[in-house]
Chemist: 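Just dropping this structure here.
Below, chain A is the first sequence line, B the second, and so on; all start at residue 1.
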Number of protein chains: 4
Amino acid sequence: MIISMRPHAPKSEIDYVCERIREFGYKVHSIEGEERVVIGVVGVGDVTACLESLEATPGVERAVRISAPYKFVSKEFKKERSLMRINGLEIGGDEFIVMAGPCSVESERQIMETAEAVAAAGARILRGGAYKPRTSPYDFQGMELDGLKLLQKAKQATGLLIITEVMSDRDVDMVAEYADIMQIGARNMQNFALLDAVGDQPKPVLLKRGMSATVEEFLLSAEYVLARGNRNVILCERGIRTFEKYTRNTFDVNAIPLLKRLTHLPVVGDPSHGTGKWYLVAPVALAAVAAGADGLIIEVHPSPDHALSDGFQSLTFENFAELVGRASAVARAVGRAVRDAAPA
Amino acid sequence: MIISMRPHAPKSEIDYVCERIREFGYKVHSIEGEERVVIGVVGVGDVTACLESLEATPGVERAVRISAPYKFVSKEFKKERSLMRINGLEIGGDEFIVMAGPCSVESERQIMETAEAVAAAGARILRGGAYKPRTSPYDFQGMELDGLKLLQKAKQATGLLIITEVMSDRDVDMVAEYADIMQIGARNMQNFALLDAVGDQPKPVLLKRGMSATVEEFLLSAEYVLARGNRNVILCERGIRTFEKYTRNTFDVNAIPLLKRLTHLPVVGDPSHGTGKWYLVAPVALAAVAAGADGLIIEVHPSPDHALSDGFQSLTFENFAELVGRASAVARAVGRAVRDAAPA
Amino acid sequence: MIISMRPHAPKSEIDYVCERIREFGYKVHSIEGEERVVIGVVGVGDVTACLESLEATPGVERAVRISAPYKFVSKEFKKERSLMRINGLEIGGDEFIVMAGPCSVESERQIMETAEAVAAAGARILRGGAYKPRTSPYDFQGMELDGLKLLQKAKQATGLLIITEVMSDRDVDMVAEYADIMQIGARNMQNFALLDAVGDQPKPVLLKRGMSATVEEFLLSAEYVLARGNRNVILCERGIRTFEKYTRNTFDVNAIPLLKRLTHLPVVGDPSHGTGKWYLVAPVALAAVAAGADGLIIEVHPSPDHALSDGFQSLTFENFAELVGRASAVARAVGRAVRDAAPA
Amino acid sequence: MIISMRPHAPKSEIDYVCERIREFGYKVHSIEGEERVVIGVVGVGDVTACLESLEATPGVERAVRISAPYKFVSKEFKKERSLMRINGLEIGGDEFIVMAGPCSVESERQIMETAEAVAAAGARILRGGAYKPRTSPYDFQGMELDGLKLLQKAKQATGLLIITEVMSDRDVDMVAEYADIMQIGARNMQNFALLDAVGDQPKPVLLKRGMSATVEEFLLSAEYVLARGNRNVILCERGIRTFEKYTRNTFDVNAIPLLKRLTHLPVVGDPSHGTGKWYLVAPVALAAVAAGADGLIIEVHPSPDHALSDGFQSLTFENFAELVGRASAVARAVGRAVRDAAPA
């Protein structure tokens, strides 16, 4: 931590700041510059508390944190990449993984057809929402338990693993029964009760970045889960909110290599939410692969214009199959292993 | 709803779009322009579903909603202002209301002293967090039930009403026992399980705008609560996230008159979070009053540099008392009633 | 300047960094923490060059500037407020100043009528664009020299001072002949050739904040003008670009007290561009006054729905007169002097 | 254009709006809905003027433009891709093009060494700033004419084409003498005097997206150049400003396929400014290629920590050569032609 005092702050203020720092258990190193004193804070203690306290102390101009605020998620804590092994599948390793399926589970026919189509095209994991967070209370809120059961059925038929969203700490046990990976949606990235709840159980968690979360906040939300004991977290970049109105979100492709540099956790990209336009999904998916993502999560629907949610960003089976082929070529070009699609 | 087709879309696409619209129960009015066909959609139906479906339909360039997506919160539904009457206090009426207190309840002494100081300065409601949503799992998370009990004690001593945050649908019943107003924090503005839970009980709710929520999304979150039956919602502008780094958030002063125009609900301003710098709190508080806010919610601490959270944006008792005086003068200048501070 | 090295950076990297710092003429103070070395840089030199160089040096994690990057605009350089005195008018002093007029000068009748109306309501300065920066090449680009001449005529008739925009360094001399204050628009806030040109002449300059400029960048653009010798700069907050779509821009009310704290220059608010909706102009204008602005600049048109530009954010004469009355009441409430409107 | 009236607007307001529309030369189609009247505007006229006028008219809730506001840049105007042919090089065709060089020209040795290194690695065009737009007046502003002459020398030695920035309409003729492509920087994207000046001459222009410009505004700035007669415009995505602070800008990878869909002009990516961190440049460059960019522009310096500007985002010769190899592999994977690097 570094504290810079206001220019020409009186000695009494500087002394008081040093005293406060020592109360937090730190040592103090003062540097006297031309205009102001800068104080280096050294040692081990409660950084955030000390920092916030000093920012409120008279004479202090700025308090800057030097060390990262997270621990378990960081590369400094664990150098080698974390591999999630689920039923023989490995996420975060050499192989490039595709998750796909509809925004919402809508009917048995819809989810079974989609599961078969995405499996045939090369997906390894089926996505599908049973609990849907919707901006409006009047929109379709999901099939809930019935949706979870249909996902299970699709898993039995195709061998695909299941990823589905959990929206409340109350539902974690039930969703964990049906899901191989539990998804925390962007709107719940800072629902700390929910993060604690998924951290207290062992099932892998895919955590989506909040639409206005910085990379640091994103990692701190993952830290909540790891700090409770669950080390199986996959990070998902899904676009951030910016001034641009043409696209639903701005896919933050920078975040992919940045996260790979800061953390050992796997990172996947969601170009469906990241663009919000079906015709931009494929090129942005390829971009995510080229930037180093460990996988993709893609919305696919048998008939996008009949989808109960997110049809405008869903691919048809045909477009999805074409995308998988192109993504595989890019994945190979950047040195990834690619499993061949199941023979028809 | 208005659907604009791509330039020179073939007749088959236009016919298919019209057919889809009719399937949703609407009537169709086509307008043929120089370059493209525009289709007006008239009638009553599931607007969002129809809109999303059409955006995914071939040949459609754009689908624009015309009517507001919310109902109970809108001025069109209820023309007169909603007044929250709580123990003889009226929020949303002529009188200008001040809520104040520490970010977190930290100790009996801290909350009792603060309650007395803010009551003496003219506040009518005591704020204080017992459950704290913190970006990092390593930061102070609040005193929980003990904090609620201390708030109750402060209420008994001062007569102030109590506002405090609830973070999970599991805790609603317990918090409702101690709080006069339950606060939903910015990070939980789209925690729909929580919105449903506070909507299912009668205690007033202060809903904070999410840090990247549009005004429309903010109103839709309020709509969740009203749609479940609880009409006692107060809206709180607390700053949005922008590119500016000097301040913690950008207080969106535009939102105050905009919300007053769109909804009948009371609107208050939180300049503490809206600026994140104690020395900007007073001028931005005055701005909120001038723009038409029905009240303010302000962080106050006996010793901001010893606060366990948010000290850098907390006012001392002295600064708070001065602010109330200045805010009262501005409130009178814009035609508000101002209660005199309790005699010492 | 503070340099923090990566955790456990080798001694060779630390030595190289210290050597580079000394090459820039600075002294070095190392602080050895638990995990990393932090280096304080003391002395006088080319801060930006040194900072950018160090950020590119192996082993450096972060380089943080401590001192402000600007000089002449800062409160540290000049403690007392700068007063612009123009023909007996004083901007930045106790009196609250209103500038008003149409977005564009459109005709003699339009500008003369508007000048008389705004003067009668209490404005002291007439605004009106002769050169218009327009997003599209197909929109009305202004009356140019003819517009300047009409402004001069309106000045002669009413005694109002004239503020008008200059868009290119080529036009500075000509515009300076007609204007009392030259406006640099938001889109040109970083047109450095233009900043240099207005800095090389003595006429006062009103500099608008760029729509995505930080407060620091805004002050650095003002510094360009002051560094060339022209100390007569007025800063104008006019709204920033955010994710919110309902309003044209988000008026950054925080910036007003922040600028007043950082600089001695006068600060005015432009709620017309800051909101982009005529019905939000008045409340946001009042907010700017309450937050401490030294003045307002407001778009007014005899018939907003016939305006050639910005009609949707222009006030009618009647609404403007009402606003001036309300703004005067707020100005008095925050301790400003207010000149009475000219008797009819 | 579609005009939606406020709910239950009186007939007199509706009639007045229709009359105003007809004054602009359009025809009117009214649609009566349950709550409000929506008016379709058909025909040819001044869309922006009509739109802005109607937004200011009583009773109008919203006015929505349907047709694109630009013409010459659009795919509707010209279906086939525009190829820029410059001295035997083709930009916008099948071949993938790399432009590279230092942020600023600093010395003969620096630019000659860099030119040779980037040519050897496979670049076809040399970048280097002679006129530098700098946020602070105290930073290095470029070598100006001397810099242009050094670029010419590097061109003669290596055969690379030259791209360099022009900052003022005054300098266009001089810069055009030395440059093969003139760059308009992000800060000048809406410097309309400059856009007009480069539009009035024939040399190709690389237009960078402004840091807070929407895709629509970006295309309108290109339209300024094309409307003056110069059809040789290359668009460059270079990152936008968002709330994320870790990276200098957020590279908007969505914009690449979106621009390719909306316009026939070539599109290149600048991952150096798009990330602001040298260690993110390569992965984001690959992302841009995968998303469909026609080329890259990359900052390269012989010794980044000695650069006078932008060292922290510049690649060494070695890192650049590695990047070109990886980008070529990705380019081939998405079906691009790649020229082999010159033999050593």
Side-chain angles (χ1 to χ4, degrees), chain C residues 20 46-49 52-58 60 63 69-71 133-141 167-171 187-196 199 210-212 216-217 220-221 223-224 227-228 240-241 277-278 301 303-314, chain D residues 16 20 46-49 52-58 60 63 69-71 133-141 167-171 187-196 199 210-212 216-217 220-221 223-224 227-228 240-241 278 301 303-314:
Chain C
R20 289 289 293 141
D46 184 340
V47 188
T48 305
E52 292 198 350
S53 165
L54 291 170
E55 283 189 328
T57 303
V60 170
Y70 39 78
K71 179 184 166 192
R134 300 303 299 269
T135 302
S136 164
Y138 306 121
D139 294 343
F140 176 59
Q141 311 269 324
M167 280 176 60
S168 164
D169 47 318
R170 279 186 205 264
D171 300 333
R187 288 174 184 80
N188 281 317
M189 192 201 83
Q190 292 191 319
N191 179 338
F192 301 116
L194 180 56
L195 294 177
D196 282 349
M211 71 180 79
S212 69
E216 186 174 300
E217 290 166 343
L220 279 164
S221 285
E223 184 81 8
Y224 262 88
R228 300 291 277 224
I240 57 174
R241 182 161 277 190
K277 304 272 185 197
W278 66 266
H301 195 280
S303 174
D305 65 306
H306 286 80
L308 296 186
S309 54
D310 280 4
F312 49 86
Q313 68 191 31
S314 298
Chain D
Y16 180 71
R20 287 291 292 141
D46 185 340
V47 187
T48 305
E52 292 198 350
S53 164
L54 292 170
E55 282 188 329
T57 303
V60 171
Y70 38 77
K71 177 182 166 193
R134 300 304 298 269
T135 303
S136 164
Y138 306 120
D139 294 344
F140 175 60
Q141 311 269 324
M167 279 175 61
S168 164
D169 47 318
R170 279 187 207 263
D171 300 334
R187 288 174 184 78
N188 280 318
M189 192 201 84
Q190 292 191 319
N191 180 338
F192 301 116
L194 180 56
L195 294 177
D196 282 349
M211 70 180 80
S212 68
E216 186 174 298
E217 290 166 343
L220 279 164
S221 285
E223 184 82 8
Y224 261 89
R228 298 293 276 223
I240 57 173
R241 182 160 277 189
W278 65 267
H301 194 280
S303 174
D305 65 305
H306 286 81
L308 296 186
S309 54
D310 280 5
F312 49 86
Q313 69 192 31
S314 297

Chemist: What part of D/Asn191 is in contact with chain C, defined as an atom under 4.5 angstrom from a non-hydrogen atom: side chain, backbone, both or neither?
Modeler: both
Chemist: For the backbone of C/Ala49 and the side chain of C/Asp46, can you confirm whether one donor and one acceptor N or O come within less than 3.5 Å of each other?
Modeler: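 Yes; judged by distance alone, with no hydrogens or angles, the pair exists.
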Chemist: Sort D/Arg241 into side chain, backbone, both or neither according to what part of it lies under 4.5 angstrom from a heavy atom of chain C.
Modeler: side chain
Chemist: What part of C/Asn188 is in contact with chain D, defined as an atom under 4.5 angstrom from a non-hydrogen atom: side chain, backbone, both or neither?
Modeler: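 Just its side chain gets close to chain D.
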Chemist: Distance-only, no hydrogens or angles: does the D/Arg170 side chain make a donor-acceptor pair with backbone N or O of C/Asp169 under 3.5 Å?
Modeler: yes
Chemist: Does some side-chain heavy atom of D/Pro133 sit less than 4.5 Å from a side-chain heavy atom of C/Gln190?
Modeler: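 Heavy-atom side-chain distance check fails, nothing below 4.5 Å.
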Chemist: Quick check against the 3.5 Å criterion: does C/Glu223 have a side-chain atom that pairs as donor or acceptor with the backbone of C/Lys71?
Modeler: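 Looks like yes, one N/O pair under 3.5 Å.
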Chemist: Side chain, backbone, both or neither: which part of D/Pro69 has an atom under 4.5 Å from a heavy atom of chain C?
Modeler: backbone
Chemist: Let me see the working for C/Asp305 and D/Ser53 under side chain to side chain donor-acceptor pair (under 3.5 Å), right down to the final yes or no.
Modeler: CA-CA 5 Å; C/Asp305 65 306; D/Ser53 164; 5.0 Å; no
Chemist: In terms of heavy-atom pairs under 4.5 Å, which option from C/Arg20, C/Met211, C/Lys277, C/His301 contacts chain D the most?
Modeler: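 Ranked by heavy-atom pairs under 4.5 Å with chain D, first place is C/Arg20.
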Chemist: With respect to chain D, which residue among C/Leu308, C/Thr135, C/Leu54, C/Thr57 yields the maximal number of heavy-atom pairs within a distance under 4.5 Å?
Modeler: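 Between C/Leu308, C/Thr135, C/Leu54, C/Thr57, the count favours C/Thr135.
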Chemist: Check whether D/Ser303 gets within reach of chain C through its side chain, its backbone, both or neither, counting any heavy atom under 4.5 Å.
Modeler: neither
Chemist: Side chain from CB out, backbone as N, CA, C, O: work out which of these in D/Gln141 comes under 4.5 Å of a heavy atom of chain C, or both, or neither.
Modeler: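 Contact with chain C: side chain only.
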Chemist: Can you tell which of C/Arg228, C/Glu217, C/Gln313 has the highest number of heavy-atom pairs within less than 4.5 Å of chain D?
Modeler: C/Glu217
Chemist: Give the member of D/Val60, D/Asp139, D/Val47 that has the highest number of heavy-atom pairs under 4.5 Å with chain C.
Modeler: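 Maximum pair count with chain C is reached by D/Asp139.
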Chemist: So which heavy atom on C/Ser221 is nearest to which on C/Phe192, and how close?
Modeler: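 Answer, listing the atom of C/Ser221 first, then C/Phe192: OG-CE2, 4.4 Å.
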Chemist: Is there a side-chain contact between D/Thr48 and C/Tyr138 in this structure, where contact means two heavy atoms from C-beta onward sitting under 4.5 Å apart?
Modeler: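 No - every pair of side-chain heavy atoms lies 4.5 Å or more apart.
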Chemist: Heavy-atom distances under 4.5 Å only: say whether D/Arg134 touches chain C with side chain, backbone, both or neither.
Modeler: both
Chemist: Main chain of D/Phe312, side chain of C/Glu55: is a donor-acceptor contact present, judged purely on distance under 3.5 Å?
Modeler: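 Flag not set: sc C/Glu55 to bb D/Phe312 has no pair under 3.5 Å.
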Chemist: Taking every non-hydrogen pair under 4.5 Å, which of D/Ser136, D/Gly311, D/Ser168 racks up the most with chain C?
Modeler: D/Ser136
